[in-house]
Chemist: 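Have a look at this one before I ask anything.
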Amino acid sequence: MLQGPVALVSGHGNRCLAASGRIDLAMTTETCAQGRAPEVLALDPELLLAWFDANVRDLPWRRPECTPWGVLASEVMLQQTPVARVEPVWREWMARWPRPSALAAASQAEVVRAWGKLGYPRRALRLHAAATAIAEKHGDVVPADVDTLLALPGIGAYTARAVAAFAYGRRCPVVDTNVRRVVARAVQGAGDAGPPATNRDLADVQALLPAEENRAARYSAALMELGQVVCTARSPRCADCPVVDRCAWHRAGRPAYQGPTRPTQKFAGTDRQVRGLLLDVLRGSSGPVERPALDAVWADAGQRDRCLDSLLVDGLIEQTDDGRFALPGEG
DNA sequence: AAACCGTGGCA
DNA sequence: TTGCCAAGGTT
(Lines give C-alpha, C1' and ligand atoms only; values in the text may rest on other atoms or scores of the structure.)
Protein backbone atom coordinates (compact mmCIF):
# COMPACT_ATOMS: atom_id res chain seq x y z
CA MET A 1 0.00 0.00 0.00
CA LEU A 2 1.04 3.53 -0.58
CA GLN A 3 1.82 5.63 2.43
CA GLY A 4 1.50 9.21 3.51
CA PRO A 5 0.88 11.94 0.95
CA VAL A 6 1.36 9.53 -1.91
CA ALA A 7 -1.74 7.64 -0.89
CA LEU A 8 -4.03 10.07 -2.61
CA VAL A 9 -6.14 10.04 -5.68
CA SER A 10 -4.07 8.24 -8.25
CA GLY A 11 -0.88 9.69 -6.94
CA HIS A 12 -1.76 13.36 -7.01
CA GLY A 13 0.67 13.76 -4.19
CA ASN A 14 1.21 16.82 -2.08
CA ARG A 15 -0.84 19.14 -4.22
CA CYS A 16 -4.07 17.56 -3.02
CA LEU A 17 -3.29 18.11 0.59
CA ALA A 18 -1.90 21.55 0.08
CA ALA A 19 -4.73 22.65 -2.16
CA SER A 20 -7.41 21.27 0.08
CA GLY A 21 -5.80 22.73 3.16
CA ARG A 22 -5.86 19.49 5.01
CA ILE A 23 -3.39 17.98 7.37
CA ASP A 24 -2.06 14.59 6.41
CA LEU A 25 -3.41 12.43 9.16
CA ALA A 26 -2.62 8.78 9.29
CA MET A 27 -4.97 6.59 7.37
CA THR A 28 -7.89 5.75 9.58
CA THR A 29 -9.17 2.27 10.06
CA GLU A 30 -11.59 1.03 7.50
CA THR A 31 -14.99 2.59 7.92
CA CYS A 32 -18.03 2.83 5.75
CA ALA A 33 -20.57 5.63 5.89
CA GLN A 34 -23.53 3.36 5.43
CA GLY A 35 -24.63 -0.02 6.68
CA ARG A 36 -22.90 -3.27 5.99
CA ALA A 37 -25.37 -4.92 3.64
CA PRO A 38 -23.73 -7.74 1.67
CA GLU A 39 -24.35 -5.88 -1.60
CA VAL A 40 -22.35 -2.92 -0.38
CA LEU A 41 -19.43 -5.11 0.49
CA ALA A 42 -19.17 -6.27 -3.09
CA LEU A 43 -17.18 -3.14 -3.86
CA ASP A 44 -15.10 -3.29 -0.72
CA PRO A 45 -12.75 -0.29 -0.48
CA GLU A 46 -9.91 -2.39 0.87
CA LEU A 47 -9.91 -4.61 -2.20
CA LEU A 48 -10.51 -1.86 -4.72
CA LEU A 49 -7.85 0.45 -3.34
CA ALA A 50 -5.24 -2.29 -3.23
CA TRP A 51 -6.05 -3.19 -6.81
CA PHE A 52 -5.94 0.46 -7.83
CA ASP A 53 -2.55 1.02 -6.21
CA ALA A 54 -1.14 -1.88 -8.19
CA ASN A 55 -2.81 -1.15 -11.51
CA VAL A 56 -3.29 2.60 -11.84
CA ARG A 57 -2.41 3.92 -15.28
CA ASP A 58 0.17 6.66 -15.41
CA LEU A 59 -1.92 9.34 -17.10
CA PRO A 60 -0.54 12.89 -17.22
CA TRP A 61 -3.50 14.46 -15.42
CA ARG A 62 -2.90 12.05 -12.55
CA ARG A 63 0.66 13.09 -11.94
CA PRO A 64 1.59 15.10 -8.83
CA GLU A 65 2.60 18.13 -10.85
CA CYS A 66 -0.76 18.36 -12.57
CA THR A 67 -2.75 21.36 -11.39
CA PRO A 68 -6.50 21.47 -10.69
CA TRP A 69 -6.78 23.39 -13.95
CA GLY A 70 -5.15 20.46 -15.72
CA VAL A 71 -7.60 18.08 -14.07
CA LEU A 72 -10.56 20.21 -15.08
CA ALA A 73 -9.38 20.49 -18.69
CA SER A 74 -8.79 16.75 -18.87
CA GLU A 75 -12.26 15.97 -17.54
CA VAL A 76 -13.94 18.19 -20.11
CA MET A 77 -11.89 16.71 -22.93
CA LEU A 78 -12.65 13.20 -21.72
CA GLN A 79 -16.40 13.71 -21.92
CA GLN A 80 -17.44 11.06 -24.44
CA THR A 81 -13.90 10.94 -25.80
CA PRO A 82 -11.32 8.13 -25.33
CA VAL A 83 -8.15 8.69 -23.34
CA ALA A 84 -5.86 7.94 -26.28
CA ARG A 85 -7.30 10.76 -28.35
CA VAL A 86 -7.34 13.25 -25.49
CA GLU A 87 -3.79 12.83 -24.26
CA PRO A 88 -1.82 14.59 -27.02
CA VAL A 89 -4.29 17.46 -27.21
CA TRP A 90 -4.29 17.90 -23.44
CA ARG A 91 -0.48 18.10 -23.44
CA GLU A 92 -0.55 20.83 -26.05
CA TRP A 93 -3.18 22.77 -24.13
CA MET A 94 -1.32 22.61 -20.85
CA ALA A 95 1.93 23.75 -22.45
CA ARG A 96 0.17 26.57 -24.24
CA TRP A 97 -2.37 27.58 -21.60
CA PRO A 98 -1.02 26.52 -18.20
CA ARG A 99 -3.57 28.58 -16.26
CA PRO A 100 -7.24 29.48 -16.77
CA SER A 101 -6.29 33.11 -17.41
CA ALA A 102 -3.97 32.03 -20.22
CA LEU A 103 -6.77 30.21 -22.00
CA ALA A 104 -9.12 33.10 -21.34
CA ALA A 105 -6.70 35.40 -23.14
CA ALA A 106 -6.84 33.28 -26.29
CA SER A 107 -9.37 33.88 -29.05
CA GLN A 108 -12.24 31.49 -29.60
CA ALA A 109 -10.78 30.68 -33.01
CA GLU A 110 -7.50 29.57 -31.47
CA VAL A 111 -9.35 27.44 -28.96
CA VAL A 112 -11.62 25.75 -31.49
CA ARG A 113 -8.67 25.06 -33.75
CA ALA A 114 -6.59 23.67 -30.90
CA TRP A 115 -9.49 21.45 -29.93
CA GLY A 116 -8.87 19.75 -33.25
CA LYS A 117 -10.96 16.67 -33.89
CA LEU A 118 -11.77 15.71 -30.32
CA GLY A 119 -15.43 16.06 -31.23
CA TYR A 120 -18.32 18.01 -29.73
CA PRO A 121 -16.48 21.31 -30.30
CA ARG A 122 -18.96 23.25 -28.22
CA ARG A 123 -16.98 21.82 -25.32
CA ALA A 124 -14.04 23.94 -26.44
CA LEU A 125 -16.08 27.13 -26.27
CA ARG A 126 -17.52 26.14 -22.90
CA LEU A 127 -14.11 25.36 -21.48
CA HIS A 128 -12.91 28.72 -22.74
CA ALA A 129 -15.90 30.38 -21.06
CA ALA A 130 -15.26 28.42 -17.86
CA ALA A 131 -11.63 29.55 -17.88
CA THR A 132 -12.77 33.14 -18.30
CA ALA A 133 -15.12 32.84 -15.34
CA ILE A 134 -12.43 31.23 -13.21
CA ALA A 135 -9.93 33.94 -14.12
CA GLU A 136 -12.34 36.80 -13.53
CA LYS A 137 -14.44 35.62 -10.63
CA HIS A 138 -12.31 33.08 -8.79
CA GLY A 139 -8.86 34.62 -8.83
CA ASP A 140 -7.60 32.22 -11.49
CA VAL A 141 -8.09 29.33 -9.06
CA VAL A 142 -10.28 26.37 -10.04
CA PRO A 143 -13.06 26.10 -7.42
CA ALA A 144 -13.02 23.09 -5.11
CA ASP A 145 -16.68 23.35 -4.19
CA VAL A 146 -19.10 21.20 -6.18
CA ASP A 147 -21.85 23.81 -6.39
CA THR A 148 -19.42 26.48 -7.54
CA LEU A 149 -18.07 24.12 -10.18
CA LEU A 150 -21.59 23.28 -11.32
CA ALA A 151 -22.18 26.94 -12.08
CA LEU A 152 -19.40 26.93 -14.70
CA PRO A 153 -20.32 26.35 -18.35
CA GLY A 154 -19.82 22.79 -19.55
CA ILE A 155 -19.43 21.45 -16.02
CA GLY A 156 -22.21 19.05 -15.07
CA ALA A 157 -22.90 16.55 -12.32
CA TYR A 158 -20.05 14.25 -13.28
CA THR A 159 -17.33 16.77 -14.09
CA ALA A 160 -17.94 18.95 -11.04
CA ARG A 161 -17.48 16.01 -8.70
CA ALA A 162 -14.57 14.60 -10.67
CA VAL A 163 -12.70 17.87 -10.23
CA ALA A 164 -13.60 18.11 -6.54
CA ALA A 165 -12.44 14.55 -5.94
CA PHE A 166 -9.45 14.18 -8.24
CA ALA A 167 -8.00 17.67 -8.01
CA TYR A 168 -8.85 18.42 -4.38
CA GLY A 169 -9.30 15.05 -2.73
CA ARG A 170 -12.90 15.74 -1.76
CA ARG A 171 -15.30 13.02 -0.70
CA CYS A 172 -18.12 13.08 -3.21
CA PRO A 173 -19.74 10.53 -5.53
CA VAL A 174 -18.18 10.61 -9.00
CA VAL A 175 -20.61 8.87 -11.30
CA ASP A 176 -19.86 8.29 -14.94
CA THR A 177 -20.92 5.55 -17.31
CA ASN A 178 -18.17 3.26 -16.00
CA VAL A 179 -19.18 3.63 -12.38
CA ARG A 180 -22.83 3.11 -13.21
CA ARG A 181 -21.94 -0.12 -14.97
CA VAL A 182 -19.70 -1.40 -12.16
CA VAL A 183 -22.34 -0.70 -9.52
CA ALA A 184 -25.07 -2.24 -11.66
CA ARG A 185 -23.09 -5.43 -11.95
CA ALA A 186 -21.29 -5.86 -8.66
CA VAL A 187 -24.03 -4.50 -6.39
CA GLN A 188 -27.25 -4.97 -8.28
CA GLY A 189 -26.39 -8.10 -10.25
CA ALA A 190 -27.55 -6.65 -13.54
CA GLY A 191 -25.68 -7.04 -16.81
CA ASP A 192 -25.54 -3.29 -17.31
CA ALA A 193 -26.84 -0.04 -15.89
CA GLY A 194 -30.32 1.16 -16.72
CA PRO A 195 -31.09 4.63 -18.02
CA PRO A 196 -29.25 7.37 -16.10
CA ALA A 197 -31.05 8.90 -13.13
CA THR A 198 -28.60 11.43 -11.75
CA ASN A 199 -29.88 11.83 -8.21
CA ARG A 200 -30.41 8.13 -7.65
CA ASP A 201 -27.06 7.26 -9.22
CA LEU A 202 -25.29 9.78 -6.98
CA ALA A 203 -27.00 8.39 -3.90
CA ASP A 204 -26.10 4.83 -4.84
CA VAL A 205 -22.41 5.67 -5.07
CA GLN A 206 -22.45 8.01 -2.08
CA ALA A 207 -23.46 5.02 0.02
CA LEU A 208 -20.35 3.16 -1.07
CA LEU A 209 -17.78 5.83 -0.25
CA PRO A 210 -15.33 5.24 2.60
CA ALA A 211 -15.63 7.76 5.39
CA GLU A 212 -12.16 9.24 5.20
CA GLU A 213 -11.96 12.04 2.65
CA ASN A 214 -8.84 11.30 0.65
CA ARG A 215 -9.57 7.61 0.80
CA ALA A 216 -13.02 8.25 -0.63
CA ALA A 217 -11.56 10.30 -3.47
CA ARG A 218 -9.09 7.55 -4.31
CA TYR A 219 -11.92 5.03 -4.13
CA SER A 220 -13.85 7.05 -6.71
CA ALA A 221 -10.88 6.93 -9.05
CA ALA A 222 -10.55 3.20 -8.45
CA LEU A 223 -14.20 2.59 -9.25
CA MET A 224 -13.88 4.40 -12.57
CA GLU A 225 -10.62 2.68 -13.41
CA LEU A 226 -12.15 -0.73 -12.75
CA GLY A 227 -14.95 0.03 -15.20
CA GLN A 228 -12.53 1.28 -17.81
CA VAL A 229 -10.00 -1.53 -17.83
CA VAL A 230 -11.68 -4.59 -16.28
CA CYS A 231 -15.45 -4.29 -15.98
CA THR A 232 -15.82 -3.09 -19.55
CA ALA A 233 -19.05 -2.83 -21.47
CA ARG A 234 -18.40 -5.50 -24.07
CA SER A 235 -16.02 -8.16 -22.80
CA PRO A 236 -15.49 -7.79 -19.07
CA ARG A 237 -12.26 -9.35 -17.86
CA CYS A 238 -13.69 -10.95 -14.75
CA ALA A 239 -10.55 -13.05 -14.30
CA ASP A 240 -8.67 -9.83 -13.54
CA CYS A 241 -11.32 -8.35 -11.25
CA PRO A 242 -10.39 -7.77 -7.60
CA VAL A 243 -13.99 -8.30 -6.45
CA VAL A 244 -15.08 -11.09 -8.77
CA ASP A 245 -15.92 -13.37 -5.85
CA ARG A 246 -18.25 -10.76 -4.38
CA CYS A 247 -19.78 -9.55 -7.62
CA ALA A 248 -23.54 -10.13 -7.65
CA TRP A 249 -23.60 -10.32 -11.44
CA HIS A 250 -20.79 -12.86 -11.63
CA ARG A 251 -22.26 -14.99 -8.85
CA ALA A 252 -25.58 -15.03 -10.71
CA GLY A 253 -23.88 -16.43 -13.78
CA ARG A 254 -23.54 -13.13 -15.63
CA PRO A 255 -27.13 -12.89 -16.84
CA ALA A 256 -27.79 -10.72 -19.87
CA TYR A 257 -29.00 -7.18 -19.35
CA GLN A 258 -32.78 -7.11 -19.10
CA GLY A 259 -33.64 -3.43 -19.01
CA PRO A 260 -34.64 -1.05 -21.78
CA THR A 261 -32.18 -0.78 -24.65
CA ARG A 262 -30.79 2.63 -25.33
CA PRO A 263 -31.52 3.77 -28.90
CA THR A 264 -28.26 4.04 -30.79
CA GLN A 265 -27.41 7.42 -32.20
CA LYS A 266 -27.03 7.69 -35.93
CA PHE A 267 -24.19 9.70 -37.36
CA ALA A 268 -23.86 9.19 -41.10
CA GLY A 269 -26.07 11.67 -42.87
CA THR A 270 -27.03 13.60 -39.77
CA ASP A 271 -26.55 17.26 -39.01
CA ARG A 272 -23.74 16.26 -36.68
CA GLN A 273 -21.76 14.88 -39.58
CA VAL A 274 -22.46 17.92 -41.76
CA ARG A 275 -21.55 20.34 -38.99
CA GLY A 276 -18.34 18.44 -38.47
CA LEU A 277 -17.47 18.65 -42.15
CA LEU A 278 -18.21 22.37 -42.30
CA LEU A 279 -16.21 23.16 -39.19
CA ASP A 280 -13.32 21.06 -40.43
CA VAL A 281 -12.99 23.33 -43.46
CA LEU A 282 -12.69 26.37 -41.22
CA ARG A 283 -10.26 24.66 -38.83
CA GLY A 284 -8.06 23.88 -41.81
CA SER A 285 -8.12 27.43 -43.11
CA SER A 286 -5.98 30.23 -41.75
CA GLY A 287 -8.74 32.77 -42.22
CA PRO A 288 -12.21 33.39 -43.64
CA VAL A 289 -13.39 31.14 -46.48
CA GLU A 290 -15.77 31.75 -49.36
CA ARG A 291 -19.18 30.19 -49.43
CA PRO A 292 -18.35 27.76 -52.29
CA ALA A 293 -15.64 26.12 -50.18
CA LEU A 294 -18.31 25.20 -47.65
CA ASP A 295 -20.90 24.24 -50.25
CA ALA A 296 -18.47 21.63 -51.54
CA VAL A 297 -18.58 19.47 -48.42
CA TRP A 298 -22.26 18.46 -48.62
CA ALA A 299 -24.64 18.12 -51.55
CA ASP A 300 -27.95 18.76 -49.80
CA ALA A 301 -28.21 22.55 -49.80
CA GLY A 302 -31.08 22.65 -47.35
CA GLN A 303 -29.29 20.59 -44.76
CA ARG A 304 -26.07 22.47 -45.39
CA ASP A 305 -27.70 25.83 -44.77
CA ARG A 306 -29.43 24.56 -41.66
CA CYS A 307 -26.14 23.31 -40.25
CA LEU A 308 -24.30 26.48 -41.17
CA ASP A 309 -26.98 28.44 -39.36
CA SER A 310 -26.82 26.23 -36.28
CA LEU A 311 -23.05 26.64 -36.14
CA LEU A 312 -23.55 30.41 -36.24
CA VAL A 313 -26.13 30.16 -33.47
CA ASP A 314 -23.74 28.07 -31.40
CA GLY A 315 -21.00 30.63 -31.88
CA LEU A 316 -18.69 28.07 -33.42
CA ILE A 317 -18.41 30.12 -36.60
CA GLU A 318 -18.96 33.73 -37.62
CA GLN A 319 -19.78 35.54 -40.83
CA THR A 320 -17.62 38.41 -41.95
CA ASP A 321 -18.97 41.68 -43.28
CA ASP A 322 -18.25 40.59 -46.85
CA GLY A 323 -20.20 37.34 -46.40
CA ARG A 324 -17.37 34.90 -45.82
CA PHE A 325 -17.21 32.46 -42.92
CA ALA A 326 -14.55 32.05 -40.25
CA LEU A 327 -13.89 30.65 -36.83
CA PRO A 328 -15.08 33.09 -34.13
CA GLY A 329 -12.70 35.97 -33.57
CA GLU A 330 -10.53 35.62 -36.64
CA GLY A 331 -12.84 37.28 -39.14
C1' DA B 1 -37.36 12.79 -20.50
C1' DA B 2 -35.46 12.52 -24.63
C1' DA B 3 -33.00 14.41 -28.38
C1' DC B 4 -29.12 16.56 -29.87
C1' DC B 5 -24.20 17.45 -30.13
C1' DG B 6 -18.30 14.72 -33.26
C1' DT B 7 -15.10 11.47 -34.11
C1' DG B 8 -12.61 7.31 -34.72
C1' DG B 9 -11.35 2.61 -33.21
C1' DC B 10 -12.67 -1.94 -32.78
C1' DA B 11 -15.03 -6.62 -33.00
C1' DT C 1 -19.09 -3.94 -42.93
C1' DT C 2 -21.90 -2.10 -39.54
C1' DG C 3 -22.98 -1.22 -35.02
C1' DC C 4 -21.31 -0.31 -30.62
C1' DC C 5 -18.82 2.37 -27.67
C1' DA C 6 -15.94 6.23 -25.40
C1' DA C 7 -14.16 10.13 -18.04
C1' DG C 8 -21.42 14.00 -20.46
C1' DG C 9 -23.75 18.47 -20.83
C1' DT C 10 -27.49 21.25 -22.37
C1' DT C 11 -32.03 22.19 -23.75
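Everything quoted here is computed from the prediction, not taken from an experiment. All chains are named by letter (A, B, ...) in the order of the sequence lines, taking the proteins before the strands, and each is independently numbered beginning at 1.
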Chemist: Which whole number of Å gives the distance between the C1' atom of B:dG6 and that of C:dC5?
Modeler: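 Between the two C1' atoms, the distance is 14 Å.
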Chemist: Base, sugar-phosphate, or nothing: which does A:Thr159 touch, judged by heavy atoms less than 4.0 Å apart?
Modeler: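 Sugar-phosphate, backbone atoms only, no base.
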Chemist: CZ of A:Arg180 versus P of C:dG9: gap in Å, rounded?
Modeler: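 About 12 Å, once rounded to whole Å.
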Chemist: Rounding to an integer number of Å, can you tell me how far A:Leu118 CG sits from B:dC5 P?
Modeler: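 Rounding to the nearest Å, CG of A:Leu118 and P of B:dC5 are 19 Å apart.
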Chemist: Quick one: A:Asp314 CG to B:dC5 P, roughly how many Å, whole number?
Modeler: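 So the CG-P distance, A:Asp314 to B:dC5, works out to 9 Å.
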Chemist: What heavy-atom pair brings A:Ala164 and A:Leu149 nearest, and what distance separates the two atoms?
Modeler: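 Smallest heavy-atom distance, with atoms named: N-CD1, 4.1 Å.
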Chemist: Look at A:Asp280 together with A:Arg283 and state whether they make a salt bridge at an N to O cut-off of under 4.0 Å.
Modeler: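 Yes, this pair counts.
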Chemist: I'd like to know if the side chain of A:Trp90 and the backbone of A:Leu78 have a donor-acceptor N/O pair within less than 3.5 Å.
Modeler: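 Not a single qualifying donor-acceptor pair exists.
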Chemist: Starting at CZ of A:Arg161 and ending at P of C:dG9, how long is that distance when rounded to a whole Å?
Modeler: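 Answer to the nearest Å: 10 Å.
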Chemist: How many whole angstroms separate atom NE2 of A:His128 from atom P of C:dG9?
Modeler: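 For the pair A:His128 NE2 and C:dG9 P, the rounded distance is 21 Å.
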Chemist: Using the C1' atom as the reference point in each nucleotide, state the distance between B:dC5 and C:dA6 in Å, no decimals.
Modeler: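 Nearest-Å result for B:dC5 against C:dA6 at atom C1': 15 Å.
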Chemist: For a quick check, with a 4.0 angstrom heavy-atom cut-off, what is the B/S/- contact string for nucleotides 2-7 of chain C, read 5' to 3'?
Modeler: -BBSBB
Chemist: What I want to find out is whether A:Arg215 reaches A:Glu46 closely enough, with some N-O distance under 4.0 Å, to be called a salt bridge.
Modeler: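 Counted as a salt bridge, because a side-chain N and a carboxylate O are separated by less than 4.0 Å.
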Chemist: Below the 4.0 Å mark, does B:dC4 have OP1 or OP2 next to a side-chain nitrogen or oxygen of A:Thr270?
Modeler: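 For B:dC4, OP1/OP2 do not have a side-chain N/O of A:Thr270 under 4.0 Å.
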Chemist: Between atom CZ in A:Arg126 and atom P in B:dC4, what is the gap in whole Å?
Modeler: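 A:Arg126 atom CZ is separated from B:dC4 atom P by 16 Å.
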Chemist: Can you tell me how far C1' in B:dG8 sits from the matching atom in C:dT1, rounded to whole Å?
Modeler: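 My reading of the C1' atoms in B:dG8 and C:dT1 gives 15 Å.
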Chemist: Please report the C-alpha distance between A:Ile155 and A:Leu72 in whole Å, then the side-chain angles of each, then the deciding distance to 0.1 Å, and finally whether the side-chain contact (heavy atoms from CB on, under 4.5 Å) criterion is met.
Modeler: CA-CA 9 Å; A:Ile155 308 298; A:Leu72 190 157; 4.1 Å; yes
Chemist: Check every strand shown and say whether A:Ala84 touches a base, only sugar-phosphate, or nothing at a heavy-atom separation below 4.0 Å.
Modeler: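 No contact.
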Chemist: Rounded to whole angstrom, note down the C1' distance from C:dG9 over to B:dA1.
Modeler: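 Looking at atom C1' only, C:dG9 and B:dA1 are 15 Å apart.
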Chemist: Between A:Pro263 and A:Gly116, just flag the one whose closest nucleotide in DNA chain B comes earlier from the 5' side.
Modeler: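 Result of the comparison: A:Pro263.
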Chemist: Which whole number of Å gives the distance between the P atom of B:dA3 and that of C:dC4?
Modeler: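 B:dA3 and C:dC4 have their P atoms separated by 16 Å.
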Chemist: How would you label the contact of A:Pro121 with the nucleic acid (heavy atoms, under 4.0 Å): base, sugar-phosphate, or nothing?
Modeler: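 Touches sugar-phosphate only.
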Chemist: What residues form a salt bridge (Lys or Arg N to Asp or Glu O under 4.0 Å) with A:Arg304, not counting sequence neighbours?
Modeler: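 Testing A:Arg304 for salt bridge (Lys or Arg N to Asp or Glu O under 4.0 Å), a comparison that skips the adjacent residues, returns A:Asp295.
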Chemist: Can you check the A:Leu277 CG to B:dT7 P distance for me, whole Å?
Modeler: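 Value for this atom pair: 7 Å.
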Chemist: Do the side-chain N or O atoms of A:Lys117 get closer than 4.0 angstrom to the phosphate oxygens (OP1, OP2) of B:dG6?
Modeler: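 For B:dG6, neither OP1 nor OP2 has a side-chain N or O of A:Lys117 closer than 4.0 Å.
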Chemist: I need the CE-C1' distance between A:Met77 and C:dG8, as an integer number of Å.
Modeler: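 Whole-Å distance recorded here is 15 Å.
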Chemist: Say whether, by atom type as modelled, one donor and one acceptor occur between the side chain of A:Arg170 and the main chain of A:Val163 under 3.5 angstrom.
Modeler: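 Side chain of A:Arg170 to backbone of A:Val163, a donor-acceptor pair under 3.5 Å: no, none is there.
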Chemist: Counting just side-chain N and O atoms, does A:Arg283 come under 4.0 Å of either OP1 or OP2 of B:dT7?
Modeler: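 It does, given that an N or O in the side chain of A:Arg283 lies less than 4.0 Å from OP1 or OP2 of B:dT7.
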Chemist: Given the rule in the salt bridge (charged side-chain N to carboxylate O under 4.0 Å, His left out) test, do A:Arg161 and A:Asp176 qualify, once you have shown the distances and angles that lead to the verdict?
Modeler: CA-CA 10 Å; A:Arg161 290 171 178 81; A:Asp176 73 336; over 6 Å; no
Chemist: Looking across every strand, which nucleic acid part, if any, lies under 4.0 Å from A:Gly119 by heavy atom: base, sugar-phosphate, or nothing?
Modeler: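 Base: the residue A:Gly119, judged by heavy atoms under 4.0 Å, touches a nucleobase.
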Chemist: Looking for any heavy atom pair under 4.0 Å, which part of the strands does A:Leu279 touch: base, sugar-phosphate only, or nothing?
Modeler: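 Here A:Leu279 touches no strand at all.
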